[in-house]
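Before any comments, here is the structure.
Every value quoted in this text rests on a predicted model; they were computed, and no experiment measured them. Indexing begins at 1, ligand by ligand and atom by atom, following the structure's order.
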Amino acid sequence: MTAKLARYGVMGYPVSHSRSPIIHRLFALQTGQKIQYELLQVSPEKLEAAIRQFQRTGGMGLNITVPHKSEVCKLVDYTSERAATAGAVNTLSFKSGQIYGDNTDGVGLLRDLAVNLGIAIEGANILILGAGGATRGIVGPLLEMQPASLLIANRSLSKAQALADHFSHSGPVSACGFNVVPVSTTYDLVINATSAGLKGDSPPYPAAAISDATICYDLSYGLSPTPFSIWAREAGAARSIMGWGMLVEQAAESFNIWRGVRPDTAPVLKQMSISA
Ligand code: ATR
């Protein structure tokens, strides 16, 4: 008799493009864990009912993706400190009728930067473009690594300023408008956390902030280069990287939370032919 597979999945809207099922299948094969991982397209008004049904029917954990990451916080019984700081949850675990919420995005980015790519955050001058949910999830973890400075540039200055104020007790963080990034600083790392590329927009990214020592990292990723990663190369950045590694690393952290086993991410990145 075959043992029943433990059920997991990813909920988003839309979600058909998600690579999470293939990543978790590769993790399960590698670690010998008996799981199934489903793709669940759920619109915002059906989110709560869908989560509760998944829980009721024996589901053990969910990844939560765009656009539900902050809304889902309201449904969680216990929130990890990093999820509370980020104001967003991307990993749910169902245990004894309770819902546990965590956020593995920040640690996923840090692991990709530090371990996979060998990029030092300590002492670095960092520029983040955008001040939405994605930025909120990464500012805390980045500040913990003690950069020299972290500037958040956003089209709506008030949103960047609110985030900078929120994190000001954690490190040297400041805000400016998207079009007025000061170029007196040499930026070691420029992170695109806007959703512009996803919507097919190409905003005027600040070319003067890029030197031949700057590493550009796009939280978005695609099978072909994203608009930001093309722009970064053309602007003369030392390296232009898409966020495949962050995607695989945040998934590995979720898998570890659920199964108590940390998969080796390197072969999975390779198997997906997207090695950074
Ligand atoms: P996410 O959760 O992916 O961060 P979000 O919360 O909707 O999504 O935030 C999207 C971010 O991308 C915002 O910082 C947004 O800028 P505004 O706050 O000014 O709206 C930014 N963004 C989206 N389209 C953009 C564009 N065309 N130019 C510049 N910034 C853009």
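- Qualifying salt bridge (charged side-chain N to carboxylate O under 4.0 Å, His left out) partners for Lys74, counting only residues two or more places apart in sequence or in other chains: Glu71.
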Show your working on side-chain hydrogen bond (donor to acceptor under 3.5 Å, both in side chains) between Glu38 and Gln36 and close with a plain yes or no. CA-CA 7 Å; Glu38 302 161 18; Gln36 69 180 62; 2.8 Å; yes
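- The distance from ligand 1 to the heavy atoms of Lys199 drops below 4.0 Å at these ligand atoms: 23 (C), 24 (N).
- Between the choices Gly137, Ser156, Pro67, Pro203, the shortest heavy-atom distance to atom 19 (O) of ligand 1 belongs to Ser156.
- Of the heavy atoms in Asp201, only side-chain atoms (C-beta onward) come closer than 4.0 Å to ligand 1.
- Of the N and O atoms on the side chains of Glu45 and Ser43, at least one donor lies less than 3.5 Å from an acceptor on the other residue.
- For atom 2 (O) of ligand 1, the candidate residues are Ala160, Ala193, Gly133, Ser158; the nearest heavy-atom contact is made by Gly133.
- Under the 3.5 Å distance criterion, with hydrogens and angles disregarded, a donor-acceptor pair is assigned to the side chains of Asp218 and Thr226.
- When only non-hydrogen protein atoms are considered, atom 21 (C) of ligand 1 lies nearest to Thr194 CB, 3.7 Å.
- If you look at Arg155 next to ligand 1, the close heavy atoms, those under 4.0 Å, come from the backbone and the side chain alike.
- Because its NZ or CZ atom is not both nearer than 6.0 Å to the ring centre of Phe255 and within 45° of the ring axis, Arg262 does not count as a cation-pi partner of that residue.
- If you look at Arg136 next to ligand 1, there are no close heavy atoms at all, none under 4.0 Å.
- Atoms of ligand 1 lying under 4.0 Å from at least one heavy atom of Ala131, given by number and element, are 14 (O).
- When only non-hydrogen protein atoms are considered, atom 3 (O) of ligand 1 lies nearest to Ala134 CB, 4.2 Å.
- Distance from atom 9 (O) of ligand 1 to its nearest protein heavy atom, with residue and atom name: Gly132 CA, 3.4 Å.
- With Asn154, Leu163, Thr65 as candidates, the residue nearest to atom 16 (O) of ligand 1 on a non-hydrogen basis is Asn154.
- Short contacts between ligand 1 and Gly130, defined as distances under 4.0 Å to a heavy atom of the residue, involve ligand atoms 14 (O).
- When each of Ser149, Pro182, Pro206 is checked for a side chain to side chain contact (heavy atoms under 4.5 Å, CB included) with Tyr187, only Pro182 meets the rule.
- Note on ring orientation: taking the six-membered ring where Trp is involved, the planes of Tyr37 and Trp258 are tilted (angle from 30° to 60°).
- With Ser80 contributing its side chain and Ala83 its backbone, the two residues share a donor-acceptor pair below 3.5 Å.
- Heavy-atom proximity to Ala196, at under 4.0 Å, picks out these atoms of ligand 1: 23 (C), 24 (N), 25 (C), 26 (C), 27 (N).
- Side-chain atoms of Gln250 come within 3.5 Å of backbone atoms of Leu247 as a donor-acceptor pair (strictly under, hydrogens ignored).
- Closest protein heavy atom to atom 10 (C) of ligand 1: Ser195 OG, 3.3 Å.
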